[in-house]
Amino acid sequence: MQSPHTPLQFIKEPLFAERGVELWLKRDDLTHPHIQGNKWRKLRYNLVEARQEGLDTLLTFGGVYSNHIYATAAAGKQFGFKTIGIIRGEPADVPTDTIQFAAQNGMRILFMDREHYRQKDDPDNIESLHVQLGDFYMIPEGGTNIYALPGVIEMVNEIKEDYDYICVASGTGGTLAGVVSALYGKRKAIGFSSLKGTDTLTQSVTQLVQDYTERTFDNWHISFDYHFGGYARVKPELIDFIKDFKLRHLTQLEPVYTGKMMYGLYDMIEKGYFPRGSRIVAVHTGGLQGLSGYREYFG
Ligand SMILES: *Cc1c(COP(=O)(O)O)cnc(C)c1O
């Protein structure tokens, strides 16, 4: 389980030159063809912990398009764990590509209706999963827990070049928490929420950072201005931006996370948010398998 070392891509744009800023994209989508980006970073030390606890089965949660379900299935297969995916909702007649891939990689797929799913983290529910399924190492939805942080910290520490800001897309906030812990008060971090504004996201990042570092920091914040209507929602200008970005920089983004972050960054740079001379790193957290849910836009 070696740590991948992903490259930085310079994003050349006349707008950035005009504003006097530099933008670099940390190509963490290149960690692995199937265990991409932050999902790989967050899984890594969870797998180590599972092994140390002597558990050979991973159980986790997600929706039918979940990048985390996909990555957990692939990682389980590659590193010799059995995997169980508890999937929100009812089975469809035709499974999504994500669920098909997970099943093909040996993941046992169990659906849980939405009402139960909302209480999935309750001790009673976990207990009944143990009665039903035996021993397992549980990874929360999205792969976010305390063991998610060291892998993200490794990602940040791979960046040897100097920079002032580091930006990530945020869902559960585990990745941002890892970034904030890695910075340890230096530089600035910005999370771009892919969900509508919620205090819970800011709170979970604060809590995770505190649990991991036993400290709090104020060199970070979350922008809630670029969620495009909420989780997995898109608008034509977002789709156009992603297509245009690919043509200009030969790099694919996706509309749930990285597309929204990059759109937001371009907008903030345009509006002069970043002082002249700023060097910005944006993390491409991967998730490209999720494009299969947007075929009508991306073919
Ligand atoms: C899951 C995911 C995120 C969100 O990460 P969190 O740690 O949940 O905030 C960001 N980008 C991509 C591509 C993802 O798959």
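The basis for the numbers below is simple: all heavy atoms, side chains too, and nothing from hydrogens, waters or symmetry mates. Counting convention: from 1, in listed order, for ligands and their atoms alike.
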Aromatic ring pairing Y294/F298, orientation class (parallel under 30°, perpendicular over 60°, tilted between): perpendicular
Numbering as shown, the atoms of ligand 1 that approach S170 to under 4.0 Å (heavy-atom distance): 9 (O)
Per-residue contact class, K39 against ligand 1 - non-hydrogen pairs under 4.0 Å: side chain
Residues which pass side-chain hydrogen bond (donor to acceptor under 3.5 Å, both in side chains) with W24, listed by chain and number, not counting sequence neighbours: E22
Under the side-chain hydrogen bond (donor to acceptor under 3.5 Å, both in side chains) test, residues paired with E270 that sit two or more places apart: none
Reported CD1-to-CZ distance for the pair I69 and F101, which is rounded to 0.5 angstrom: 12.0 Å
N or O contact, G174 vs ligand 1, cut-off under 3.5 Å: yes
Parallel, tilted or perpendicular, as decided by the 30° and 60° cut-offs, for the rings of H221 and Y273: tilted
For G287, atoms of ligand 1 separated by under 4.0 Å from a heavy atom: 13 (C)
Residues D162 and R187 bridged, charged N to O under 4.0 Å: yes
Structural part of N38 in contact with ligand 1, heavy atom criterion under 4.0 angstrom: side chain
K42, portion touching ligand 1 at heavy-atom distance under 4.0 Å: side chain
Test of proximity, L176 against ligand 1: N or O pairs below 3.5 Å: no
Nearest non-hydrogen protein atom, atom 11 (N) of ligand 1: T285 OG1, 2.7 Å
Min heavy-atom dist G37 to ligand 1 below 4.0 Å: no
Those atoms of ligand 1 less than 4.0 Å from some heavy atom in G173: 6 (P), 8 (O), 9 (O)
Crowding at NE2, H130 (>12 non-hydrogen neighbours, <6.0 Å): yes
Verdict with supporting geometry, Y257 and N67, side chain to side chain contact (heavy atoms under 4.5 Å, CB included): CA-CA 11 Å; Y257 296 105; N67 293 332; 4.0 Å; yes
Polar proximity ligand 1 side, N67 side, N/O cut 3.5 Å exclusive: yes
Protein contact to atom 13 (C) of ligand 1 [nearest heavy atom, distance to 0.1 Å]: G286 O, 3.2 Å
CD (E237) with more than 12 external heavy atoms under 6.0 Å: yes
Contacting atoms of ligand 1, where contact means under 4.0 angstrom from a heavy atom of T172: 6 (P), 7 (O), 8 (O), 9 (O)
Side-chain H-bond candidate by donor/acceptor type, E141 with Y117, under 3.5 Å: yes
Ligand 1 versus T175: contacting region, heavy-atom distance under 4.0 Å: both
Proximity flag G142 to ligand 1, non-hydrogen atoms under 4.0 Å: no
